[in-house]
Amino acid sequence: MSRKQNQSLAERMHAKEWRALPQDVALSGDTKSGTRRLFGEILRKFSVVLLVGGIASLFVYVWLDMMAGFSEEKSGPIAVTFESDGGMLDETWFRAWTEFDENSAPNLHHLRDRIMAYPQVSAARVMRLPNGDLRVDVRERCPVARLVDKEGRVRLVATDGVIFPSETFPLQQSMLPILQDVRIAIDAKTGFERVPAMEKLTDFIETARTAYGKLFREWDTISLRDFPSDLRDIRHSWSLIYVVPKASAQNPEHAKVVEYVFSASRFREDLKLLAAAREHKTWNDALGAPNRPPAYRVLFITNRKDPQKEFREIRLIPVQKGNP
Amino acid sequence: MAQDNILAVIDIGSAETKVLVVDLEPQLQVIGAFCAKTEGMRKGEIVNLGALKESVHSVIGQAEKLAGAARRVRGACLAVSGALVGGFSVKGLTSVKSGVVRADDKDAARADAFDACLHRIPENRHIVQHMLRRYLLDRRQREEPLGLSGRELTYDLWVIDADDTYLTELYQIPNRLGMTVRGLFPASLASAEAVRTFAQIMDDNRLVIDIGAGTSDFVLFRDGAVVCTGVIPVGGEHITNDMSRGLQIRMEDAERLKIKYGNAYARDDDVFAEIDLDSFEGELKGFSKHVSRYKMELITELRLRELFTLIAKKINAEEAFSGTVFLTGGTAQMEGIGKLASAIFGNAEVRIGEPSLSFARAYAEPKYSTVVGLAKLYRDALSQKREALGKSGWFRRFFRGMF
Ligand SMILES: Nc1ncnc2c1ncn2[C@@H]1O[C@H](COP(=O)(O)OP(=O)(O)OP(=O)(O)O)[C@@H](O)[C@H]1O
Ligand SMILES: [Mg+2]
């Protein structure tokens with residue numbers, strides 16, 4: 001008998017075995033335990049579907065959130081509501097800076113990253129409104145001083161030290177004092193240029209601006225040549241802030257005072273002392289007497305004659321004019 | 001998760017349904033078992049499929065619960081028994097061309113036997129199992145004919161078949177519970193497997209009779225090979241029935257009487273002895289009923305004698321039987337049954353067989369033989385298949401189990 005015949009015989013044999021009889025495996029509620037099992041099965045399938053569906057939708061949600069923007073479509077141009085608490089940046093700036101394309105739905109995360117790349121912006125929030133339009137909220141950095149580089153380009157220094165361009169600022173902001181002898185650092189996180197240890201200086205400038213406006217308005221430049229860039233620096237306790245007053249008609253004193261030298265740690269006392277002295281008539285007497293030297297440097301020192309009662313006092317140090 | 005290595009082994013007896021939930025890996029282990037009365041079955045035949053399903057399903061459910069709620073059983077192994085199961089022998093013949101038997105000749109003889117079997121088996125029946133009885137070389141019996149010289153090789157095949165309607169009805173029971181029938185074995189072979197003891201060598205001549213309630217399954221081994229299997233539609237239920245009629249008592253009483261006082265070998269020493277039915281469990285009845293002990297024993301004996309004679313006739317058809325007789329199944333617990341069997345089977349040694357397999361120590365009662373043997377047979381068949389297939393199937397099995 002040939003192999004082929006053998007094979008067909010084996011097949012015929014198989015067809016005649018009990019396994020060949022069809023089995024209709026189906027849970028049906030024929031019997032009590034069958035019904036119970038059927039319900040259990042349905043419940044189980046349902047919960048599996050629910051679980052899998054839940055996990056899947058979680059993934060989808062996370063993915064959509066990540067990709068926010070690509071998915072949503074809006075016919076027609078996208079309107080943008082731009083709001084800034086500093087009031088200097090506006091929608092025009094926003095459109096120019098982000099090269100906003102209103103015909104395609106943007107990726108909100110990329111958009112926000114782009115906005116944050118502008119040093120003047122300290123915080124930003126980008127939202128998509130239900131109708132597909134955008135809402136952008138921006139918090140700006142507030143300038144406290146100016147920097148003028150060799151080419152005469154003016155940049156602004158924010159309270160936290162970040163340096164940003166001044167194009168968006170109107171001219172009256174140029175009343176801010178100019179910082180000199182600054183060691184500019186690069187912020188590791190954002191990549192922005194910044195003035196180190198600016199917190200302390202901001203405190204000084206803000207104190208002067210708010211409490212001693214009259215003095216502050218006379219100031220022209222602030223030199224940081226004795227101001228360490230690291231606040232933890234041991235020299236910081238005796239570091240000095242040099243302030244040069246403006247040379248203008250409203251400031252007759254300038255002719256006499258070439259420089260104020262404040263202590264970085266005790267500037268509050270110094271400012272108070274100076275303001276008080278300026279009110280006193282002996283100040284003008286001291287400066288204005290004809291037989292006096294033509295220029296002074298104003299110094300503040302601690303009088304320690306009696307260690308129990310040490311106090312700050314003003315010293316007028318005569319200087320050779322044109323050679324401070 | 002459905003576990004593929006968990007299987008429900010189901011023996012649907014006429015009196016009781018026994019279910020073992022077994023773990024097949026790494027070794028056979030019973031993890032849950034239950035046994036309860038079967039409804040819808042009388043004298044080994046299905047009389048009410050709905051009621052039968054209901055009762056079997058509840059037993060499966062209980063066994064599963066005992067096995068642990070998390071286990072969802074998806075496979076079942078069943079025993080076939082009853083009047084609709086039959087067995088016949090066919091012979092395949094081939095002439096040995098070279099004078100010495102080679103593997104080719106064996107294959108040819110086997111193929112001829114299969115061919116004959118396919119011709120013989122009716123349209124409406126399917127094969128449950130088939131096995132080699134023996135080889136005959138020039139009409140002489142040979143255990144292994146390979147290399148022997150002769151002219152004509154006969155392959156003697158024993159086929160156990162069952163009626164399609166019976167099988168489809170049987171399949172429905174696990175199928176409706178979401179289980180697939182993975183294994184199907186004749187009850188007789190299963191019982192024989194369960195009562196086989198270690199001491200027993202395979203080539204023993206033995207006759208195993210599982211006397212249940214509605215049917216008695218028997219299998220005859222000669223030199224370790226199955227020679228003949230059969231089902232006789234006589235069992236404990238018939239004895240109870242006869243008692244109820246002969247003694248004019250209710251069926252329940254007859255059943256209790258049989259279990260308590262039944263004796264298969266009628267003692268004629270005191271023919272006037274009587275048994276008081278009221279002595280049962282203090283049950284109060286309006287009147288007192290006494291039955292003759294001798295009459296009762298005689299009824300039992302006659303029934304069992306009929307049964308054994310029928311079996312003896314079948315097994316002695318070709319060759320006179322000599323060997324050990326194993327009696328198992330619920331009715332094998334009957335007093336004096338061994339003596340009776342011995343008398344009928346030519347003074348053979350008779351033993352009452354209980355399942356003696358180590359994995360089922362807790363089920364060492366004659367009525368559990370079928371179910372315990374079934375588990376063993378399925379496990380053995382599975383390891384054989386695994387060996388043939390190799391390990392590659394585990395991945396598919398794992399994924400099939402996921403849903
Ligand atoms: N101690 C005993 N003495 C005599 N008969 C008994 C005894 N215990 C049980 N039986 C009988 O055994 C029978 C049950 O046996 P078993 O459980 O093996 O049958 P089954 O497997 O349900 O039926 P079957 O195999 O015929 O389908 C019952 O008829 C019962 O009366
Ligand atoms: Mg049985």
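Hydrogens, waters and symmetry mates are skipped; everything else that's a heavy atom, side chains included, is used. Just so it is clear: chains get the letters A, B, ... in the order the sequence lines come, proteins before strands, and each one is counted from 1.
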Atom pair [atom1]/[atom2] of [X] and [Y] - distance to nearest 0.5 Å:
X	Y	atom1	atom2	answer
A:Lys16	B:Asp161	NZ	CG	9.0 Å
A:Gln23	B:Met179	CD	CE	12.5 Å
A:Met13	B:Ile121	CE	CD1	7.5 Å

Quiz item: What is the minimum heavy-atom distance between B:Thr180 and A:Val25, and which atoms define it?
Solution: OG1-CG2, 3.8 Å
Exercise. Quick one: closest heavy-atom pair of B:Ser58 and A:Ser33, and the distance?
Key: N-OG, 3.3 Å
Practice problem: Only counting residues at least two apart or in another chain, list the ones meeting ring-ring contact (aromatic ring centres under 6.0 Å, His included) with A:Phe100. | Solution: A:Phe94
Quiz item: Can you list the residues that meet the ring-ring contact (aromatic ring centres under 6.0 Å, His included) rule with B:His126, with sequence neighbours excluded?
Solution: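 ring-ring contact (aromatic ring centres under 6.0 Å, His included) check on B:His126 returns nothing, list empty.
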Practice problem: Go through the atoms of B:Arg110 and report whether side chain, backbone, both or neither lie under 4.5 Å from a heavy atom of chain A. | Solution: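 Interface part for B:Arg110: neither.
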Exercise. Please flag which part of B:Leu184 lies under 4.5 Å from any non-hydrogen atom of chain A: side chain, backbone, both or neither.
Key: both
Practice problem: Side chain from CB out, backbone as N, CA, C, O: work out which of these in A:Arg12 comes under 4.5 Å of a heavy atom of chain B, or both, or neither. | Solution: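 Looking at A:Arg12, backbone and side chain both touch chain B.
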Self-check item: Contacting moiety of A:Ala15, where chain B heavy atoms sit under 4.5 Å
Solution: backbone
Is the shortest heavy-atom distance from the side chain of [X] to the side chain of [Y] under 4.5 Å?
X	Y	result
B:His57	A:Lys32	no
A:Arg19	B:Val181	no
A:Trp18	B:Val80	no
B:Val56	A:Thr31	no

Answer yes or no: are there more than 12 heavy-atom neighbours, outside [X] itself, under 6.0 Å from its atom [atom1]?
X	atom1	value
B:Phe88	CZ	yes
A:Arg183	CZ	yes
B:Arg102	CZ	no

Practice problem: Quick one: list whatever passes side-chain hydrogen bond (donor to acceptor under 3.5 Å, both in side chains) with A:Thr159, sequence neighbours left out. | Solution: none
Quiz item: Is any residue of residues 165-173 of chain B within less than 4.5 Å of chain A by heavy atoms, and which ones?
Solution: B:Leu167, B:Thr168, B:Tyr171
